[in-house]
Number of protein chains: 2
Amino acid sequence: MVDDIDKKILQELKDNARISFANLAREINLSPSAVRERVQKMEDLGVIQNYVVQTDNKMLGYDLEAFILIKVFPGKLKHVIQSITEFPEITEAHRITGNQNIHLKVLIKDQIHLQKLLDQLMDFGDTNTFLILTRIGD
Amino acid sequence: MVDDIDKKILQELKDNARISFANLAREINLSPSAVRERVQKMEDLGVIQNYVVQTDNKMLGYDLEAFILIKVFPGKLKHVIQSITEFPEITEAHRITGNQNIHLKVLIKDQIHLQKLLDQLMDFGDTNTFLILTRIGD
DNA sequence: CATGAAAGCATAGGTTT
DNA sequence: AAACCTATGCTTTCATG
């Protein structure tokens, strides 16, 4: 379903998702049309979900990033899950195992906005916030 | 330094990083060359860091994702930070504030591999693992 | 999966505002 | 300075084998 050639293609796209099919074809010694067909197939299958740009958030005026764990109040989980999409600050949200059931990654301009967000999240459950200091690796 | 037009460009690239400059130009009513210049400038400034593909990890044979918090043993932090890049399972790593000082996101084939990883990480400090059940939103 | 041809796109340099 | 125009070479796309 996804063979070694497909994996090579994915590896290249992980490095540079804007590479042209022609250049990608040269990298892996295949014709451009074959590469295109494989990529299309993976898009159709859902193996490839999206192509995104990664930005320097500090340069865009967002000085704070944090992880927030929430222990949602009993019976409120469904409501919380629905509400989460309405927060533009939340860049990632996951249900997780353990004593706390929601894990958020948030991107925020400054301390004041973080405080406001936490005030709102407190209606959902008990929160536990970890500020991100630096990214490791890359 | 980054104006409203640049922000529009970034928004489009967040949706689809493989869009052509020509199409992007049509979306925001600018000439292709102007769009290209702006993108180039943002790449040079470091505002745009990278273009990446997002994949369905389950379809690629990785059934488990987890967050792992580590309270690193005293004096070992520098060593841990250097070692982290050598784990292919670790897809994201951050230094964080709080009682625990490292936050990892890991991508793993199955429980056996998770166990192996946790055994290795236990040399770094006390670990706290949260399995990811589902992604919320999107 | 490769080839080939038509249409569309990227890119550089010069021009305009 | 920032956006545009234009020409050349590449890339994408799709039909055909």
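Computed from a prediction, not measured in an experiment: that's the story for all the values here.
Screening residues 86-98 of chain A for salt bridge (charged side-chain N to carboxylate O under 4.0 Å, His left out) gives A:Glu92-B:Lys105 as the qualifying pairs, with residues at least two apart or on separate chains. Pairs of residues two or more places apart, or lying in two chains, that qualify as ring pair (Phe, Tyr, Trp, His ring centres under 6.0 Å) and include a residue from residues 88-109 of chain B are A:Phe67-B:His94, A:Phe67-B:His103, A:His103-B:His103, B:Phe67-B:His103.
Near DNA chain C, meaning a heavy atom under 4.0 Å from it, residues 1-8 of chain B has no residue at all.
Comparing A:Pro32 and B:Ser20, the nucleotide of DNA chain C nearest to each residue sits closer to the 5' end for A:Pro32.
For the salt bridge (charged side-chain N to carboxylate O under 4.0 Å, His left out) test, residues two or more places apart in sequence or in another chain that qualify with A:Arg135 are A:Asp138. By the salt bridge (charged side-chain N to carboxylate O under 4.0 Å, His left out) test, B:Asp4 pairs with no residue at all, sequence neighbours left out. Not counting sequence neighbours, A:Lys116 has no partner by the side-chain contact (heavy atoms from CB on, under 4.5 Å) test. Taking the salt bridge (charged side-chain N to carboxylate O under 4.0 Å, His left out) definition, one finds that B:Lys76 meets it with nothing, sequence neighbours left out. Under the side-chain contact (heavy atoms from CB on, under 4.5 Å) criterion, B:Gln120 pairs with B:Phe87, not counting sequence neighbours. B:Leu45 is linked by a side-chain contact (heavy atoms from CB on, under 4.5 Å) to B:Met1, B:Lys41, B:Val47, counting only residues two or more places apart in sequence or in another chain.
Put simply, CG on B:Leu30 is 4 Å from P on D:dC4, counting in whole angstrom units. The interatomic distance linking A:Glu27 (CD) with D:dT11 (P) rounds to 12 Å, in whole Å.
Within 6.0 Å of the CD atom in A:Glu43, the count of heavy atoms belonging to other residues, nucleotides or ligands exceeds 12.
Listed here is the closest heavy atom pair of B:Ile9 and B:Ile28: CG1-CD1, 3.5 Å.
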Between the protein and nucleotides 5-10 of chain D, which nitrogen or oxygen pairs come in under 3.5 angstrom?
residue	atom	partner	partner atom	Å
D:dC5	N4	B:Ser33	OG	2.8

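Over its full length, the helix from C:dC1-D:dG17 to C:dT17-D:dA1 turns its helical axis through 30°, comparing axes from the five pairs at each end and rounding to 10°.
In this model, the phosphate group of D:dC14 is approached by a side-chain N or O of A:Arg36 to a distance below 4.0 Å at OP1 or OP2.
A:Val39 pairs in a side chain to side chain contact (heavy atoms under 4.5 Å, CB included) with only one of the listed residues (A:Ile48, A:Asp44, A:Leu10), which is A:Ile48.
Protein chain A contacts DNA chain C from C:dC1 to C:dT3, reading 5' to 3' and using non-hydrogen atoms of the protein with a distance under 4.0 Å.
Remark: the A:Lys71 side chain and the A:Asn99 side chain contain an N/O donor-acceptor pair separated by less than 3.5 Å.
When the side chains of ILVMFWY residues are joined at heavy-atom separations under 4.5 Å, either directly or via intervening members, B:Phe73 and B:Leu121 end up in two distinct hydrophobic clusters.
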